[in-house]
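Remarks on the structure that follows.
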Amino acid sequence: MTERNGDIAELTTRMRAFIDDEVIPREPVLGTEGPEADAALAGLRDRAKELGLWALGHPAELGGGGVPFLDFVYLNEIIGRSEFGQLAVGSVSMQDTLMLHRHGSDEQRRRWIPPMVAGEVLPSVGLTEPEVAGSDPTLIATRADLDGDQWVINGHKWFTTGVRQAAYCTVFARTEPESAPRHARISAIIVPTDTPGFEIVRSIPTMGHNPSDHYEVRLTDVRVPVDSLLGARGAGFAVAQDRLGPGRIFHCMRWLGQAQRAYELMCERANTRYAHGSLLAEKGEIHRYIAESAAEIHAARLMTLDAARAMDAGEDYRVRVGLVKFWGARMLHNVVDRAIQVHGALGLTADTPLERMYRQARNARVYDGPDEVHRMSTARRLLRSPEAAPWR
């Protein structure tokens, strides 16, 4: 296992203190909507900047902390202890910043990257559509047609996360004819969210979250300049995969923090709750919960570190990310489920963070590709090239 260097060890110590002592106590307020929640988040963001904890994973040349991707695993598992950690420390825009840096024009980078890194604006991505299978982006039905020097976009998106607060949305739309290769028909187009015809229809109620930060969007004759393409025309699939690959492991990092927090709550409850003649910690079934949870978290952590190492080394990381995506999602669900069980009726209430974490854990098995698709695509790669197994 890769060891943390001294600088990262010091940063993780400071990050843990900030998340546990300042962010987590504010969760009851941050989980609401309104001026009080906005003020609480703004205060935390200012505090993160004051502590030198802001945008640590963003490249240094873009104004971020320049922490290498592998080292960022250690930080992001701590950030992930709170669902509001990303917003509090500015890492929420990291993947979109990298996507713009790699594929954007000079003007796009100049316009959007500095305010994103500073936390002044937020991005969003319009990929998933309700009428077609979200796990297959080649089926996207939203169209963008050239009319002179403008793209005219018509379509329907949903689960467009954070778009109400976002300054722009990267919309993936069909720009090429059916005669083009299947993976070369889609383009990525940057659309400012205040563009006429860009309509936020609703916040989509999701498993206890109403409103949620997932939105339904309609685009009706939305016009943007021809140079709004992100990357080459017809290269949207490659742009999406370039974002989703690192984004998936980004999720896995945070899931470690959520699972570790649930594990700690489970141990605390087991060591203090008395029932049927003994503490829960003295019962064999609880021993199984604790041991299996520790094993699953540790395995997921090593897999995540290995995938991040491969990415940093420029190796083909697709098998590693595919494995940890479905394993990490299942691990998170299992650990939180056991923690709720140990808490009994209390675990079903909002008096602990577990019921909210459980909903997020269930979502983890669907977003950025369902578990079944990751298992299928990873298995196909391994069958074609058995030597691609991560232990080879």
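This one's a predicted model, so the numbers in the text were calculated from it and none came from an experiment.
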More than 12 heavy atoms of other residues, nucleotides or ligands under 6.0 Å from CZ of Arg380: is that the case?
-> no

Can a salt bridge be assigned to the pair Arg16 and Asp21 using a cut-off of 4.0 Å between side-chain N and carboxylate O?
-> no

Closest heavy-atom contact between Ala329 and Trp255?
-> N-CZ3, 3.4 Å

Counting N and O atoms only, with roles assigned by atom type, does the side chain of Ser203 sit under 3.5 Å from a partner on the main chain of Ser212, one being a donor and the other an acceptor?
-> yes

Do Glu285 and Arg338 meet the salt-bridge criterion of a basic N to acidic O distance under 4.0 Å?
-> no

Arg301 vs Tyr74, side-chain contact (heavy atoms from CB on, under 4.5 Å): CA-CA, chis, key distance, verdict = CA-CA 10 Å; Arg301 191 169 190 265; Tyr74 297 108; 3.5 Å; yes

Shortest non-hydrogen contact from Ala166 to Thr193?
-> O-OG1, 2.8 Å

Test log, rule side-chain contact (heavy atoms from CB on, under 4.5 Å), inputs Leu229 and Trp151 = CA-CA 9 Å; Leu229 278 180; Trp151 289 106; 3.7 Å; yes

Are Phe69 and Met94 side-chain neighbours, meaning at least one heavy-atom pair lies under 4.5 Å?
-> yes

Can you list the steps and then say if Asp306 with Arg320 is a salt bridge (Lys or Arg N to Asp or Glu O under 4.0 Å)?
-> CA-CA 8 Å; Asp306 184 48; Arg320 286 172 167 85; 2.7 Å; yes

Salt-bridge test for Glu216 and Arg202: reply yes if a basic N is under 4.0 Å from a carboxylate O, no otherwise.
-> yes

Any Ser91 side-chain heavy atom under 4.5 Å of Ile79 side chain | yes

Are Lys49 and Asp46 close enough for a salt bridge, meaning some N to O gap below 4.0 Å?
-> no

What distance separates Glu120 CD from Ser93 OG, expressed to the nearest 0.5 Å?
-> 11.0 Å

Could you tell me whether a side-chain N or O of Ser385 sits under 3.5 Å from a main-chain N or O of Glu387, the two making a donor and an acceptor?
-> no

Would you please say whether a donor-acceptor pair under 3.5 Å links the side chains of Lys157 and Thr128?
-> no

Under 3.5 Å, is there a donor-acceptor pair linking the side chains of His287 and Glu282?
-> no

Are Ile8 and Ile249 joined in one hydrophobic group, where the rule is that I, L, V, M, F, W and Y side chains link up if heavy atoms are under 4.5 Å apart?
-> yes

Judged by atom type as modelled, is there a donor-acceptor pair below 3.5 Å linking the side chain of Asn271 to the main-chain atoms of Cys267?
-> yes

Test item: side-chain donor near acceptor, Gln95 and Arg243, under 3.5 Å = no

Answer whether the closest heavy-atom distance between the side chains of Asn154 and Val222 falls below 4.5 Å.
-> no

Other residues, nucleotides, ligands: >12 heavy atoms within 6.0 Å of Asp194 CG | yes

Step-by-step side-chain contact (heavy atoms from CB on, under 4.5 Å) determination, Leu354 to Leu265 = CA-CA 9 Å; Leu354 292 171; Leu265 290 169; 4.1 Å; yes

Would you mind reporting whether Thr175 and Arg233 have side-chain heavy atoms less than 4.5 Å apart?
-> yes

Residue Arg273 excluded, over 12 heavy atoms near CZ under 6.0 Å | no

Below 4.5 Å, heavy atoms only, C-beta onward: do Ile286 and Val342 meet side chain to side chain?
-> yes

For the atom pair CE (Met116) and CG (Leu122), what is the distance rounded to the nearest 0.5 Å?
-> 9.0 Å

So do the side chains of Val319 and Pro390 get within less than 4.5 Å of each other, counting heavy atoms only?
-> yes

Close side-chain approach of Arg111 and Pro192, heavy atoms under 4.5 Å | yes

Locate the shortest heavy-atom distance separating Thr160 from Cys169; write the atom from each residue and the value.
-> CG2-SG, 3.9 Å

Using a distance-only test with no angle check, is there a side-chain donor-acceptor pair under 3.5 angstrom linking Arg254 and His251?
-> yes

If only atom types and distance count, is the side chain of Thr138 paired as donor or acceptor with the main-chain N or O of His183 below 3.5 Å?
-> no

Going by atom types only, do Thr206 and His214 share a side-chain donor-acceptor pair under 3.5 Å?
-> no

Distance (rounded to the nearest 0.5 Å) between Ile200 CD1 and Ser124 OG = 8.0 Å

In sequence, state the C-alpha distance, the side-chain angles, and the governing distance for Asp213 and Arg164, and then conclude on salt bridge (Lys or Arg N to Asp or Glu O under 4.0 Å).
-> CA-CA 8 Å; Asp213 65 346; Arg164 189 177 296 282; over 6 Å; no

Where do Met331 and Ala259 come nearest, in terms of heavy atoms and distance?
-> SD-CB, 3.4 Å

Side-chain heavy-atom pair Asp227, Glu107 within 4.5 angstrom cut-off = no

Note: Val29 and Ala40 closest approach over all heavy atoms is CG1-CB, 4.0 Å

Quick one: does His374's side chain have a donor or acceptor within less than 3.5 Å of a partner on Asp368's backbone?
-> yes

In Å, rounded to the nearest 0.5 Å, how long is the span from CH2 of Trp112 to CE of Met99?
-> 12.5 Å

Counting distance only, does the side-chain N/O of Gln241 pair as donor-acceptor with the main-chain N or O of Ala238 below 3.5 Å?
-> no

Measure from the side-chain N and O atoms of Arg174 to the backbone N and O of Ile186, and report whether any donor-acceptor pair falls under 3.5 Å.
-> no

Lys/Arg N to Asp/Glu carboxylate O, Glu22 vs Arg26, below 4.0 Å = no

If only atom types and distance count, is the side chain of Thr12 paired as donor or acceptor with the main-chain N or O of Ala9 below 3.5 Å?
-> yes

Does the Thr195 side chain pair with the main chain of Phe198, one donor and one acceptor, at a distance under 3.5 Å?
-> no

Yes or no on salt bridge (Lys or Arg N to Asp or Glu O under 4.0 Å) for Arg309 and Asp71, after CA distance, side-chain angles and deciding distance?
-> CA-CA 9 Å; Arg309 180 207 56 77; Asp71 287 341; over 6 Å; no

Distance-only donor-acceptor check, side chains Glu27 and Ser82, under 3.5 Å | yes

Going through the distances and angles, do Arg143 and Asp145 end up as a salt bridge (Lys or Arg N to Asp or Glu O under 4.0 Å)?
-> CA-CA 6 Å; Arg143 285 207 57 86; Asp145 299 296; 3.0 Å; yes

Do other residues, nucleotides or ligands put more than 12 heavy atoms under 6.0 Å from the CD atom of Glu264?
-> yes

Can you tell me how far CG of Leu323 sits from CZ of Arg381, rounded to the nearest 0.5 angstrom?
-> 10.5 Å

For the pair Tyr289 (side chain) and Glu292 (backbone), establish whether a donor and an acceptor sit closer than 3.5 Å, ignoring hydrogens and angles.
-> no

Nearest heavy-atom contact between Leu87 and Val92 is CD2-CG1, 4.0 Å

Check whether the side chains of Thr142 and Glu129 place a donor and an acceptor atom closer than 3.5 Å, and report yes or no.
-> yes

Distance, nearest 0.5 Å, that separates CG of Leu332 from CD of Gln258 = 6.5 Å

Glu178 with Arg182: basic N within carboxylate O range, under 4.0 Å | no

With side-chain contact (heavy atoms from CB on, under 4.5 Å) as the test, would you mind laying out the steps for Gln341 and Met266 before giving the verdict?
-> CA-CA 9 Å; Gln341 199 71 9; Met266 177 166 52; over 6 Å; no

